[in-house]
Amino acid sequence: MHNCARYLIFFQYIGTKYRGVVKVPSHQLDKKGVQDHLEEAIQRLRPLNPVSLSVSSRTDAGVHALSNSAHFDLHRKNDNPPFTEDILVKALNFHLKAEQIR
């Protein structure tokens with residue numbers, strides 16, 4: 001059996017090197033969006049499902065954000081329980097350490 005949970009995350013970022021918060025189409029990847037980096041970090045948690053964030057708002061390229069939110073579903077294997085808040089925050093921040101996103 002597979003365990004699924006929906007997570008609501010709050011994040012902030014220095015937007016100078018990003019093309020806004022939303023995912024950037026693959027043909028425009030001179031700069032990624034914050035969503036691209038967040039989804040890559042979530043994929044490193046090895047979910048069974050493809051991850052797609054639903055971001056609550058948009059920002060333009062170069063714009064900073066003190067508090068933005070998004071949600072995503074994550075299926076874990078082997079009936080593992082959902083990640084706790086502390087574990088999820090530490091894991092995402094670890095995988096985002098090269099980025100100015102927390």
Side-chain angles (χ1 to χ4, degrees):
M1 181 174 196
H2 303 299
N3 211 345
C4 179
R6 176 162 285 176
Y7 295 91
L8 173 64
I9 59 171
F10 296 92
F11 55 96
Q12 61 186 9
Y13 53 90
I14 303 297
T16 307
K17 71 178 202 171
Y18 305 113
R19 191 174 212 149
V21 71
V22 296
K23 185 177 258 188
V24 175
S26 58
H27 66 279
Q28 296 179 349
L29 283 180
D30 57 317
K31 281 187 179 180
K32 289 184 177 182
V34 172
Q35 180 178 354
D36 295 299
H37 292 286
L38 286 169
E39 288 180 355
E40 287 171 8
I42 296 165
Q43 282 299 143
R44 290 185 181 148
L45 302 177
R46 292 185 244 153
L48 294 176
N49 61 305
V51 174
S52 178
L53 281 175
S54 294
V55 181
S56 66
S57 65
R58 296 176 55 109
T59 57
D60 290 331
V63 174
H64 313 316
L66 290 175
S67 182
N68 205 336
S69 61
H71 78 268
F72 63 94
D73 295 328
L74 191 132
H75 294 266
R76 296 193 68 200
K77 60 183 170 182
N78 300 328
D79 207 24
N80 288 327
F83 289 111
T84 65
E85 179 182 340
D86 287 344
I87 290 173
L88 185 66
V89 168
K90 287 177 185 173
L92 291 180
N93 284 339
F94 175 80
H95 292 301
L96 290 164
K97 63 186 168 197
E99 301 301 325
Q100 292 184 311
I101 304 167
R102 296 292 175 266

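The analysis underlying the following values was restricted to heavy atoms, covering all of them including side chains, and did not include hydrogens, waters or symmetry mates. What you are looking at is a predicted structure, and each value in this text was computed from that prediction instead of being measured.
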Under a 4.5 Å cut-off applied to non-hydrogen side-chain atoms, are Lys32 and Lys23 in contact?
no
Residue pair His95 / Ala41: nearest heavy atoms and the distance that separates them
CB-CB, 3.8 Å
Residues forming a ring pair (Phe, Tyr, Trp, His ring centres under 6.0 Å) with His37, sequence neighbours excluded
Tyr18
Any salt bridge (charged side-chain N to carboxylate O under 4.0 Å, His left out) pairs touching residues 42-71, not counting sequence neighbours?
none
Close side-chain approach of Leu92 and Leu38, heavy atoms under 4.5 Å
no
If you look only at pairs with a residue in residues 83-101, which of them pass as a salt bridge (charged side-chain N to carboxylate O under 4.0 Å, His left out), with sequence neighbours excluded?
Lys17-Glu99
In the hydrophobic clustering (ILVMFWY, side-chain contacts below 4.5 Å, transitive), which residues join Val89, or is it alone?
none
Indicate if Ile87 and Leu96 have the same hydrophobic cluster label, given that clusters are the connected sets of ILVMFWY residues with side-chain heavy-atom separations under 4.5 angstrom.
yes
If you take all heavy atoms of Pro82 and Arg76, which pair is closest and at what distance?
C-NH1, 4.1 Å
Any pair with a residue in residues 4-16 that passes side-chain hydrogen bond (donor to acceptor under 3.5 Å, both in side chains), sequence neighbours left out, goes on the list, sorted by first then second residue, please.
Arg6-Asp73, Tyr13-Thr59
Could you state the interatomic distance from CZ (Phe11) to OG (Ser69), rounded to the nearest 0.5 Å?
7.0 Å
Classify the side-chain pair Glu39/Gln35 by whether it contains a donor and acceptor separated by less than 3.5 Å.
yes
Is there a path of hydrophobic side-chain contacts, each under 4.5 Å between heavy atoms, that joins Val24 and Phe72?
no
Tightest non-hydrogen contact, residues Leu53 and Ile9, listed as CD2-CD1, 4.2 Å
Between the side chain of Ser56 and the main-chain N/O of Ala70, is any donor-acceptor distance below 3.5 Å?
no
Look at the side chain of Asn80 and the backbone N and O of Lys77, then say whether any donor-acceptor pair between them is shorter than 3.5 Å.
yes
Within a strict 4.5 Å, meaning less than it, do heavy atoms of the Leu88 and Leu45 side chains meet?
yes
Each residue besides Phe10 in its hydrophobic cluster should be listed here, by chain and number; the cluster joins Ile, Leu, Val, Met, Phe, Trp and Tyr at side-chain heavy-atom distances under 4.5 Å.
Leu8
Is any side-chain heavy atom of Cys4 closer than 4.5 Å to a side-chain heavy atom of His75?
yes
Provide the closest heavy-atom pair for Gln43 versus Asn49 in the form atom of the first, atom of the second, distance.
OE1-O, 3.7 Å
